[in-house]
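Order of the sequence lines sets the chain letters (A, B, ...), proteins ahead of strands, with each chain counted from 1.
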Amino acid sequence: MEFKLKIWRQKNASAKGKFEDYTLKDVSPEMSFLQMLDYLNQQIIESDGEPVHFEHDCREGICGSCGLYINGRPHGPLTHTTTCELHMREFKDNTTIVIEPWRSKAFPVIKDLVVDRSAFEKVIRAGGFVNANTGSTQDANNIPINKKISDRAFDAAVCIGCGACVAACKNSSAMLFVSAKVSQFAMLPQGKVEAKERVENMVTKMDEVGFGFCSNTYACEYDCPKGISVEFIAKMNREFFSSKVCKSKK
Amino acid sequence: MSKKGFSLTSISHKYIMAAAGAFLMLFLVSHLATNLLLLAGDGGAQFDKAVEFLLTNPAIKIMEYVLFAGFIIHIIIGVVIQLHNSSSRPVGYKVALKSEASAFSRFMIHSGIIIFIFLLIHLYHFFFVKLGFFPLYAGAETGHDFYPMVAYTFKNPVYSIIYILSFIFLGFHLKHAFQSAFQSFGLNHDKYTPAIKVVGTIYAVLIAVGFSIIPLYFLFLYN
Ligand code: HEM
Ligand code: SF4
Ligand code: FES
């Protein structure tokens with residue numbers, strides 16, 4: 001296969017970037033998207049150029065670091081698929097592929113296609129954890145949990161923090177990510193204890209680090225590689241409401 | 001929540017937006033019900049009675065202020081949200097987002113602004129004439145004599161077309177807004193949400209069509 005690539009190149013956070021054009025020949029349809037970029041970089045390095053920087057780690061859809069905005073969609077054309085799990089056979093031969101970094105005030109570009117996602121980290125640090133010392137592993141049946149609820153909590157917990165929801169949202173809102181994190185704790189006994197403080201702190205932090213407001217366009221759900229449902233956003237709204245209305249003064 | 005002074009979180013904005021919007025959606029139903037009396041074919045007798053009731057009932061007087069407040073809150077928060085959101089992606093994409101699942105949701109501020117312009121025209125006709133800022137219409141004896149005014153205004157095809165177009169855009173607004181308000185209130189359920197979306201679409205169509213048949217009636221059937 002042969003592709004024309006249009007890739008965003010930017011030296012550093014403060015540099016003015018621009019799109020560079022590349023032509024890449026002999027691409028195997030079996031290559032993953034990141035392998036295709038590796039292949040491109042090898043050629044760039046061989047001709048003494050600066051390779052295209054992009055983030056990756058696990059290359060199996062679990063770490064959330066590989067987000068690229070490909071032809072107008074975060075993580076490319078397939079639903080429920082991360083960039084690293086995307087293969088070149090999904091693209092038409094002899095076409096142009098435009099590759100951009102996530103765009104959001106809260107995710108500034110560091111270099112080329114790599115963005116700084118520490119805004120997510122700050123939201124997590126504001127409450128995305130359980131304070132109670134849980135000690136060593138207990139017998140699994142000590143705390144009975146309804147199977148439906150534990151499944152639901154797991155549905156939320158599969159969020160990999162990739163940021164595609166922010167990239168896909170016309171408002172750069174992080175509601176899907178934050179709601180997944182709020183919900184995964186709020187549904188389980190250990191997390192319930194601090195549920196009210198957690199949702200308030202995380203939402204406040206989310207606003208503070210510069211994400212937009214949710215308009216319920218549901219683009220996030222459409223492009224989330226893990227299929228996180230906007231039902232969790234509604235859940236977070238409920239959690240937030242009850243934290244405001246049903247909280248004791250102390 | 002707030003560090004200094006008065007600040008609202010994003011979710012609080014959404015709750016206020018949805019509450020004001022839901023109130024306005026209820027108001028539209030009662031407004032449509034009253035307006036449909038114009039079609040009774042009795043020269044406005046029943047319509048005038050309804051207007052008489054609305055103008056004299058003290059509870060309605062209070063609701064008028066609540067309604068104004070509802071509009072103003074909805075519009076101000078809507079603009080605040082829009083301004084905030086349009087600054088949240090300073091560098092845009094080269095290839096426009098293809099991920100949008102709901103088309104109507106992208107144009108809420110646009111349909112909203114069209115509704116707002118319509119509201120100004122509407123206020124000009126009814127409120128400012130009532131207050132005496134503008135001259136009465138031919139055939140009207142007092143500023144409250146709405147039926148001749150309605151008949152006169154809708155006989156003008158330009159005004160009727162503006163009116164109908166405004167309600168089509170209101171329909172677009174409501175198509176997204178109805179289910180969006182439920183979502184903002186945290187009411188999303190895999191069983192009920194599909195039904196809420198269907199009801200919202202029906203509501204949006206009924207409001208747009210219901211209001212639109214009134215100018216059509218005066219334009220083509222009434223003389
Ligand atoms: C009778 C008239 C109107 C009704 C019934 C109505 C109703 C609604 C409802 C129910 C929502 C959904 C709220 C939510 O997402 O939770 C909404 C959203 C919105 N409305 Fe209206 N609205 C009306 C007029 C207007 C006007 C005049 C504007 C002018 C600026 C406006 C601007 C907006 C905007 C910008 C949103 C989206 C807010 C967001 O992104 O969260 N609306 N409307
Ligand atoms: S909610 Fe989905 S799109 Fe958003 S960060 Fe988590 S996995 Fe990525
Ligand atoms: S590289 Fe880990 S999810 Fe893609």
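Between B:Ser10 and the options A:Asp207, A:Asn171, A:Thr204, a side-chain hydrogen bond (donor to acceptor under 3.5 Å, both in side chains) holds for only A:Asp207.
Contacts of A:Pro101 with chain B are made by backbone atoms alone, with heavy-atom separations under 4.5 Å and no side-chain atom involved. Of the atoms belonging to A:Phe211, it is backbone heavy atoms, and not side-chain ones, that fall under 4.5 Å from chain B. If you measure heavy-atom distances from B:Tyr93 to chain A, the contacts under 4.5 Å come from both the backbone and the side chain. Only the side chain of B:Lys14 comes within contact range of chain A, with heavy atoms under 4.5 Å apart. Contacts of A:Val109 with chain B are absent, with no heavy-atom separation under 4.5 Å from either backbone or side chain. Contacts of B:Ser184 with chain A are made by both backbone and side-chain atoms, with heavy-atom separations under 4.5 Å. Residue B:Ser86: no heavy atom, backbone or side chain, is found under 4.5 Å from chain A. Of the two parts of B:Phe185, only the backbone, made up of N, CA, C and O, holds a non-hydrogen atom closer than 4.5 Å to a non-hydrogen atom of chain A.
Within 6.0 Å of atom CZ in B:Phe118, more than 12 heavy atoms from other residues, nucleotides or ligands are found, so the atom counts as buried in its surroundings. Atom NZ of B:Lys155 is surrounded by more than 12 heavy atoms from other residues, nucleotides or ligands within 6.0 Å. Annotation for A:Phe154: atom CZ does not count as buried by contact number, only 12 or fewer foreign heavy atoms lying within 6.0 Å. At most 12 non-hydrogen atoms from other residues, nucleotides or ligands lie less than 6.0 angstrom from CZ of B:Phe169.
Interatomic distance, B:Asp190 CG to A:Ser229 OG, rounded to the nearest 0.5 Å: 8.0 Å. The structure places CD of B:Gln183 at 4.0 Å from OH of A:Tyr218, a figure rounded to the nearest 0.5 Å. Taking CZ from A:Arg238 and CD1 from B:Ile11, the interatomic distance works out to 12.0 Å, rounded to the nearest 0.5 Å. With values rounded to the nearest 0.5 angstrom, A:Ser215 atom OG is found 8.5 Å from B:Met17 atom CE. We find the SG-CG distance between A:Cys169 and B:Leu97 to be 8.5 Å, quoted to the nearest 0.5 Å. Here the CZ atom belonging to A:Phe213 is positioned 9.0 Å from the CD1 atom belonging to B:Ile77, to the nearest 0.5 angstrom.
With chain B as partner, the option from A:Tyr69, A:Phe241, A:Phe107 having the largest number of non-hydrogen pairs under 4.5 angstrom is A:Tyr69. Annotation: maximal heavy-atom pairing with chain B below 4.5 Å, among A:Thr79, A:Val203, A:Asn201, occurs at A:Val203.
Without hydrogens or angle criteria, B:Lys94 side chain to A:Glu100 main chain gives no donor-acceptor distance under 3.5 Å. A:Glu231 contributes no side-chain N or O that, together with a main-chain N or O of B:His189, makes up a donor-acceptor pair within less than 3.5 Å. Distance alone, capped at 3.5 Å, is enough to place a donor-acceptor pair between the A:Asn216 side chain and the B:Ser180 backbone.
For the residue pair A:Ser104 and B:Arg89, no side-chain donor N or O sits within less than 3.5 Å of a side-chain acceptor on the partner.
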